[in-house]
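Below is one structure; the comments refer to it alone.
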Amino acid sequence: MKTKEETISKLNEHRSTSPSKWRENAEWRMVNRTWLRYSQQIAMMMLDRMEELGITQKALAKRMGCSQQYISRVLKGTENLSIETISKIENALELSILEPAFTIH
């Protein structure tokens with residue numbers, strides 16, 4: 001059985017040299033939780049539709065005219081999406097995201 005000092009020493013060996021930002025990140029999520037919830041819902045809709053269509057992030061990026069890395073960020077559900085981007089997603093995936101909320105006559 002290890003002594004308390006040995007355990008602390010072992011933990012210190014694995015301690016990060018840079019300070020953790022978990023508190024900042026948690027506070028940011030709390031402040032931004034309303035739009036984050038929408039972003040996450042959109043990401044889930046996108047993932048479901050991509051699965052239905054059998055398309056990859058790379059293929060979606062090509063359809064939208066952006067990078068695969070950007071699609072990856074959007075699918076994490078933490079990207080603050082503009083209406084323009086949501087419209088591109090709708091067109092690329094033949095998906096209605098805003099349409100139920102807005103009816104254009």
Side-chain angles (χ1 to χ4, degrees):
M1 181 177 245
K2 292 183 179 183
T3 67
K4 179 180 175 182
E5 291 77 21
E6 290 173 325
T7 302
I8 291 172
S9 175
K10 193 70 166 170
L11 289 171
N12 283 333
E13 288 177 26
H14 297 285
R15 184 173 54 187
S16 175
T17 56
S18 61
S20 172
K21 293 189 178 195
W22 74 267
R23 180 182 284 288
E24 287 177 24
N25 292 337
E27 289 171 351
W28 180 85
R29 283 191 307 276
M30 287 181 67
V31 168
N32 294 288
R33 79 174 141 218
T34 302
W35 71 259
L36 278 169
R37 188 175 19 236
Y38 290 123
S39 185
Q40 291 163 354
Q41 289 173 343
I42 291 169
M44 291 304 299
M45 292 172 73
M46 290 173 66
L47 286 165
D48 289 343
R49 185 65 176 152
M50 288 170 67
E51 188 176 315
E52 288 173 12
L53 296 173
I55 66 169
T56 64
Q57 290 182 19
K58 186 175 182 178
L60 179 57
K62 186 174 181 180
R63 288 183 182 194
M64 289 179 56
C66 63
S67 70
Q68 184 273 325
Q69 291 81 4
Y70 180 70
I71 297 299
S72 177
R73 289 197 315 267
V74 170
L75 293 175
K76 287 180 183 175
T78 56
E79 197 70 19
N80 192 353
L81 304 170
S82 68
I83 293 175
E84 178 184 10
T85 299
I86 293 171
S87 178
K88 288 180 181 181
I89 293 167
E90 289 181 324
N91 289 331
L93 293 175
E94 300 172 2
L95 180 67
S96 293
I97 297 170
L98 292 179
E99 195 170 306
F102 301 103
T103 53
I104 301 172
H105 300 282

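Small disclaimer: the values here were computed from a predicted structure and weren't measured.
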For I55 against A59, the heavy-atom pair lying closest together
CB-CB, 4.1 Å

Show the nearest heavy-atom pair for residues L60 and M46, with the distance to one decimal.
CD2-CE, 3.7 Å

ILVMFWY cluster membership beyond L36 - transitive side-chain contacts under 4.5 angstrom
W28, W35

Return all side-chain donor-acceptor pairs below 3.5 angstrom for residues 64-80, not counting sequence neighbours, or 'none' if the list is empty.
unit_1	atom_1	unit_2	atom_2	d
S67	OG	Y70	N	3.0
Q68	NE2	Q57	OE1	2.4

Excluding L11, membership of its hydrophobic cluster (Ile, Leu, Val, Met, Phe, Trp, Tyr; side-chain heavy atoms within less than 4.5 Å) reads none

Same cluster (ILVMFWY, side-chain, under 4.5 Å), I97 and M44
yes

Side chain of E6, backbone of T3: donor and acceptor closer than 3.5 Å?
yes

State plainly whether one hydrophobic cluster holds both I42 and L47, where clusters connect Ile, Leu, Val, Met, Phe, Trp and Tyr through side-chain heavy atoms under 4.5 angstrom apart.
yes

Would you mind listing every side chain to side chain donor-acceptor pair (under 3.5 Å) that reaches into residues 39-48, with sequence neighbours excluded?
none

Salt bridge (charged side-chain N to carboxylate O under 4.0 Å, His left out) pairs touching residues 29-38, sequence neighbours excluded, are none

Mind jotting down which residue pairs meet the salt bridge (charged side-chain N to carboxylate O under 4.0 Å, His left out) criterion with at least one end in residues 54-69? Sequence neighbours excluded, please.
none

Within one Ile-Leu-Val-Met-Phe-Trp-Tyr cluster: I83 and I89, side-chain cutoff 4.5 Å:
yes

Side chain to side chain contact (heavy atoms under 4.5 Å, CB included), that's the test. Do N12 and R15 meet it? Break it down for me.
CA-CA 5 Å; N12 283 333; R15 184 173 54 187; 3.6 Å; yes

Step through the shown structure and confirm whether more than 12 heavy atoms of other residues, nucleotides or ligands are within 6.0 Å of CD on E13.
yes

Here the gap from S96 atom OG to E94 atom CD, rounded to the nearest 0.5 Å, amounts to 10.5 Å

